Amino acid sequence: MRQKKRDGIWGYIFIAPQVIGLLLFSIIPIICVFYFSFCKWDAISEPVFVGIQNYITEFHDPAFYKAIVNTLKYSLIYIPGNVVFALLIATAIQHIKGKVGYRLIFFLPIVASSVGVSMIWLWILEPNCGILNYFLECIKLGRVNLLGDTKTVMLTIGLIGIWCNLGYNVVIYIAGLEGVSRVYYEAAMLNTFKGLYFTDWPVLMAACSIVILPVVLVYLSAQKYIIEGIAMTGIKG
């Protein structure tokens with residue numbers, strides 16, 4: 001009994017930093033933002049409670065509905081693309097030598113600064129002297145302005161967002177695939193693809209839930225993608 005109590009205390013000690021960080025940087029700010037949404041406040045003077053007036057004003061602003069449409073367009077690119085591409089890559093590198101190195105390569109963009117990544121892609125896609133346009137001119141295809149054309153900017157930023165966050169999901173999927181014993185693979189091969197499908201999929205269902213939920217939640221927070229979009233396109237509103 002004493003040993004269990006001691007283990008429980010150590011468990012609380014180990015999770016304390018994460019819980020404190022979650023409270024200070026996620027839960028409390030969300031509560032504060034919800035409260036201030038009912039106030040007129042410039043972040044300097046004393047907040048004045050105005051009820052739902054801010055929401056009424058927002059619902060009468062045409063830019064609000066345009067933002068919703070753009071958000072839905074981006075979600076149709078980012079969420080399925082991130083989940084599907086991560087699964088395909090994880091499956092491809094699962095049974096090859098040097099997969100640890102591939103995991104590192106795919107994971108590097110996760111730890112990179114959003115603004116830094118945006119500047120790199122801005123340099124690559126720059127319409128006048130970017131690497132992409134230099135390559136296209138070399139093969140006689142002409143220049144393109146992917147970030148300056150309203151028809152291509154959403155797709156471009158969406159694909160860059162997928163590239164930036166692909167590595168985390170790849171690692172999760174690989175961890176799920178490694179949970180399948182080689183014995184099951186050998187048995188499944190006797191039943192061709194159908195058996196192989198039913199070998200992988202029950203394990204990947206759990207991995208998919210771990211991947212999809214954070215992807216949706218992180219996407220809905222939108223902060224990182226707003227930073228990337230502003231940095232690459234210069235849009236301020």
Side-chain angles (χ1 to χ4, degrees), residues 12-83 86 109-119 121-122 146-166 168-169 172 208-237:
Y12 286 119
I13 292 173
F14 282 124
I15 67 172
Q18 183 70 18
V19 172
I20 293 171
L22 184 65
L23 286 171
L24 291 179
F25 300 107
S26 294
I27 296 176
I28 293 176
I30 288 173
I31 295 173
C32 292
V33 167
F34 181 72
Y35 169 74
F36 287 126
S37 69
F38 295 99
C39 299
K40 182 179 180 181
W41 188 45
D42 57 6
I44 298 176
S45 58
E46 195 73 20
V48 178
F49 186 80
V50 294
I52 62 171
Q53 184 58 48
N54 290 331
Y55 291 95
I56 295 174
T57 302
E58 193 66 34
F59 286 137
H60 284 84
D61 188 352
F64 172 73
Y65 298 98
K66 184 177 180 181
I68 291 178
V69 172
N70 288 336
T71 299
L72 292 175
K73 288 180 180 178
Y74 189 91
S75 67
L76 291 175
I77 299 169
Y78 176 77
I79 296 175
N82 203 315
V83 174
I110 294 287
V111 297
S113 164
S114 296
V115 174
V117 169
S118 301
M119 291 298 103
W121 279 103
L122 184 62
L146 297 177
L147 296 176
D149 189 341
T150 55
K151 296 179 181 179
T152 59
V153 63
M154 186 67 70
L155 178 61
T156 303
I157 295 177
L159 293 175
I160 292 172
I162 291 172
W163 174 82
C164 287
N165 297 278
L166 200 62
Y168 177 82
N169 297 332
I172 296 295
C208 283
S209 64
I210 296 173
V211 166
I212 294 173
L213 185 59
V215 165
V216 174
L217 293 177
V218 171
Y219 165 73
L220 290 176
S221 70
Q223 262 189 345
K224 185 173 182 179
Y225 312 110
I226 291 172
I227 292 172
E228 290 171 358
I230 291 174
M232 288 189 289
T233 64
I235 299 172
K236 298 180 180 178

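Residue numbers run from 1 in the order of the sequence given. Treat the numbers as computed from the prediction; the structure is a model and nothing was measured.
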Hey, what do you get for CD (E58) to OH (Y65), rounding to the nearest 0.5 Å? 9.0 Å

To the closest 0.5 Å, what do you measure between CG (L155) and NZ (K73)? 11.5 Å

Using the rule given for side chain to side chain contact (heavy atoms under 4.5 Å, CB included), can you reason through I30 versus I27, listing the C-alpha separation, both sets of side-chain angles and the distance that settles it, and then say yes or no? CA-CA 5 Å; I30 288 173; I27 296 176; 5.8 Å; no

Closest non-hydrogen atom pair, L146 against T152: O-OG1, 2.8 Å

NZ-CG distance between K66 and N70, expressed to the nearest 0.5 angstrom: 6.5 Å

What is the distance from atom CD of E46 to atom CH2 of W41, rounded to the nearest 0.5 Å? 9.5 Å

Minimum heavy-atom distance G81-I162, with the two atoms named: CA-CD1, 3.8 Å

Which pair of non-hydrogen atoms, one from P80 and one from S75, has the smallest distance, and what is that distance? CD-O, 3.2 Å

Any pair counted as side chain to side chain donor-acceptor pair (under 3.5 Å), so long as it reaches residues 16-35, sequence neighbours left out: none

Approximate separation, where rounding is to 0.5 Å, of F59 CZ and F64 CZ: 5.0 Å

Which heavy atom of A86 sits nearest to which heavy atom of N169, and what is that distance? CB-CB, 3.5 Å

Taken to the nearest 0.5 Å, the spacing of N82 CG from C164 SG works out to 10.0 Å

Does I52 have more than 12 heavy atoms from other residues, nucleotides or ligands lying within 6.0 Å of its CD1? no

S37: side chain to side chain donor-acceptor pair (under 3.5 Å) partners, not counting sequence neighbours: Y55

N54 side chain to K40 main-chain N or O, any donor-acceptor pair under 3.5 Å? no

